[in-house]
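Notes follow once the structure below has been shown.
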Amino acid sequence: MRNLTVKRQKSFVGCLAKMKVYIEDASGTDLEINGVPCRKLGDLKNGEEKTFLVTESAARVYIIADKLSKQYCNEFYPLPEGDADVFLSGKNRFNPGAGNAFRFDGVTDVEVLENRKKGNKKGWIVLIVAIVVGYLLGSLIVQFLLSNAFAAKPKTFLEQDMQITLTDQFEEKDATGDFDYLYQSRTVVVQVFRENFAEGFGMEEWSTEKYAEVMVEVNEFDCEVRTESGFVCFDRSKSVSGKDYRYFSVILKGDDAFYYVEFICVESNFEDYRSDFIEWAKTIKLN
């Protein structure tokens with residue numbers, strides 16, 4: 001037997017969630033991750049370090065957030081055969097598509113990197129599936145809805161900590177991934193991610209510009225942060241399942257959290273919706 005020590009470095013991303021540590025075990029019945037039977041070793045809080053007793057056989061060490069997201073929000077490390085003690089470290093990194101998954105430090109293993117890519121792809125598909133369904137009826141229906149956009153009546157969505165006024169063509173849906181609120185029409189999706197100041201030391205002193213720049217840098221978005229109509233914002237493009245989408249993102253700062261609000265539509269309709277996105281953003285009130 002040997003000691004396996006895993007250190008979860010402090011990070012404001014996923015600060016409140018416990019990460020779950022599993023190890024590959026042919027006789028394990030606790031959980032199956034990516035088709036691999038595993039048994040649970042324990043949990044890791046933010047900034048916590050724990051040592052587990054494991055066998056000398058080669059095995060994969062998995063870190064997941066929960067059983068529901070294990071197929072795309074997971075990370076593994078190929079533990080080599082041997083009797084020497086092993087020390088691993090890492091932290092949760094901001095990436096809504098991958099569920100802000102835990103990532104081991106210094107990984108160069110091709111299988112691990114490929115697993116990350118697959119997880120990102122699956123996660124983003126979960127986030128935008130509502131958008132794809134909305135466009136199945138084709139471009140004719142899209143144009144029809146656009147022509148009747150001015151007939152839509154304002155509709156205010158009230159949450160515990162915020163409110164936003166859209167139109168009566170929107171419905172509130174169960175938020176997916178790490179987003180807190182999700183509103184959907186047949187042509188537009190609006191999703192809101194709330195980041196508490198408590199999840200990062202000193203975040204309450206950050207400006208909205210700094211928070212936006214951190215998000216762009218961490219997620220490697222191909223865009224620049226700017227100020228438009230009084231908002232700190234940025235927009236980016238993303239191709240999913242052969243369709244091109246445009247994301248207009250606005251950053252707001254409340255008393256105890258930052259709010260990342262995304263307005264999403266197909267790329268070809270973006271200029272038609274740009275003014276609507278800005279007007280809807282102006283209706284946001286943080287409680």
Side-chain angles (χ1 to χ4, degrees), residues 1-129 176-179 199-201 217-220:
M1 302 297 285
R2 54 177 166 169
N3 290 322
L4 167 65
T5 301
V6 183
K7 178 176 177 59
R8 179 187 175 188
Q9 299 174 17
K10 278 187 176 294
S11 169
F12 68 82
V13 179
C15 174
L16 301 180
K18 291 182 180 179
M19 293 295 105
K20 297 163 179 58
V21 185
Y22 286 81
I23 191 166
E24 179 180 358
D25 188 336
S27 61
T29 58
D30 291 346
L31 191 66
E32 188 175 283
I33 305 173
N34 292 346
V36 178
C38 300
R39 67 179 168 83
K40 187 175 181 180
L41 294 177
D43 297 324
L44 277 179
K45 297 178 182 178
N46 193 33
E48 189 174 26
E49 177 180 315
K50 280 188 178 180
T51 298
F52 310 101
L53 192 63
V54 299
T55 67
E56 299 173 6
S57 302
R60 291 185 176 188
V61 177
Y62 282 92
I63 305 247
I64 66 172
D66 54 53
K67 294 181 179 180
L68 292 177
S69 62
K70 64 184 176 71
Q71 295 304 324
Y72 65 90
C73 181
N74 71 69
E75 174 81 334
F76 75 84
Y77 185 91
L79 200 63
E81 182 179 2
D83 58 1
D85 292 343
V86 178
F87 176 83
L88 302 175
S89 66
K91 64 180 179 180
N92 290 70
R93 299 185 182 277
F94 182 79
N95 184 345
N100 293 337
F102 179 94
R103 297 302 188 212
F104 285 113
D105 295 329
V107 171
T108 58
D109 187 279
V110 174
E111 280 193 276
V112 177
L113 297 178
E114 185 62 28
N115 181 63
R116 291 180 181 179
K117 290 182 181 179
K118 290 180 180 179
N120 285 339
K121 183 177 181 180
K122 291 179 182 177
W124 281 113
I125 289 175
V126 170
L127 289 177
I128 59 97
V129 65
T176 57
D178 289 318
F179 286 90
E199 296 183 2
F201 295 108
E217 180 180 358
V218 169
N219 288 281
E220 300 181 346

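Just the heavy atoms: all of them, side chains too, but no hydrogens, waters or symmetry mates, feed the values below.
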TODO: Starting at NZ of Lys50, measure out to CZ of Arg8 and round the result to the nearest 0.5 Å.
DONE: 11.5 Å
- [ ] Go through the structure and list residues passing side chain to side chain donor-acceptor pair (under 3.5 Å) with Arg93, not counting sequence neighbours.
- [x] none
Open item on the list: Any side-chain to backbone donor/acceptor pair from Glu49 onto Lys7? Under 3.5 Å, distance only.
Closed with: no
- [ ] Just do the side-chain contact (heavy atoms from CB on, under 4.5 Å) check on Phe94 and Asn219 with the steps written out, would you?
- [x] CA-CA 7 Å; Phe94 182 79; Asn219 288 281; 2.7 Å; yes
Task: Distance, nearest 0.5 Å, that separates CD of Glu32 from NZ of Lys67 - done: 12.5 Å
Task: Member of Thr51, Leu41, Thr55 meeting the side-chain contact (heavy atoms from CB on, under 4.5 Å) criterion with Leu4 - done: Leu41
Task: Lys20 (side chain) donor-acceptor with Ala65 (main chain) under 3.5 angstrom - done: yes
Task: Atom CD of Gln9 with >12 non-hydrogen neighbours under 6.0 angstrom - done: yes
TODO: Side-chain contact test, heavy atoms from C-beta onward, threshold under 4.5 Å: evaluate it for Arg60 versus Asn34 and give yes or no.
DONE: no
- [ ] Kindly say whether Asp25 contributes a backbone atom to a donor-acceptor pair with the side chain of Arg39 at under 3.5 angstrom?
- [x] no
Open item on the list: A side-chain contact here means heavy atoms from C-beta on lying under 4.5 Å apart; do Phe52 and Val21 qualify?
Closed with: yes
Open item on the list: I'd like to know if the side chain of Arg2 and the backbone of Val86 have a donor-acceptor N/O pair within less than 3.5 Å.
Closed with: no
Task: From Cys73 atom SG to Leu68 atom CG, the distance as rounded to the nearest 0.5 Å - done: 11.0 Å
TODO: Output yes when a side-chain donor or acceptor of Asn92 lies under 3.5 Å from a complementary backbone atom of Asn100, and no otherwise.
DONE: yes
- [ ] Starting from the C-alpha separation in whole Å, work towards a yes-or-no answer on side-chain contact (heavy atoms from CB on, under 4.5 Å) for Leu53 and Asn3.
- [x] CA-CA 5 Å; Leu53 192 63; Asn3 290 322; 3.7 Å; yes
Open item on the list: Quick check: do Val36 and Tyr22 have side-chain heavy atoms less than 4.5 Å from each other?
Closed with: no
TODO: Take Ile64 and Leu31 through the side-chain contact (heavy atoms from CB on, under 4.5 Å) test and state the conclusion after the steps.
DONE: CA-CA 11 Å; Ile64 66 172; Leu31 191 66; 3.6 Å; yes
Task: Over all atoms of both residues, closest heavy-atom pair of Asp43 and Glu48 - done: O-OE1, 3.9 Å
Open item on the list: Is it the case that the side chain of Asp30 and the backbone of Lys40 share a donor-acceptor pair, with hydrogens and angles ignored and the cut-off at 3.5 Å?
Closed with: yes
Task: OG1 on Thr5 to CG on Asp85, rounded to 0.5 Å - done: 7.0 Å
Open item on the list: Which heavy atom of Pro37 sits nearest to which heavy atom of Gly28, and what is that distance?
Closed with: CB-O, 3.7 Å
Open item on the list: Using a strict threshold of under 4.0 Å (side-chain N to carboxylate O), is an ion pair present between Arg103 and Glu75?
Closed with: yes
Task: Under 3.5 Å: donor-acceptor pair, side chain of Glu56, backbone of Met1 - done: yes
Open item on the list: Working to the nearest 0.5 angstrom, can you tell me the gap between Asp109 CG and Arg116 CZ?
Closed with: 10.0 Å
TODO: Please work out whether the ring planes of Phe76 and Tyr62 are parallel, tilted or perpendicular, with thresholds of 30° and 60°.
DONE: tilted
- [ ] Grab the two heavy atoms, one from Lys45 and one from Lys18, that are nearest each other, plus how far apart they are.
- [x] CE-CE, 3.8 Å
Task: Main-chain N/O of Ser11 paired with Asn46 side-chain donor or acceptor, under 3.5 Å - done: yes
Open item on the list: Quiz question: by atom type and distance under 3.5 Å, do the side chains of Ser89 and Asp105 form a donor-acceptor pair?
Closed with: yes
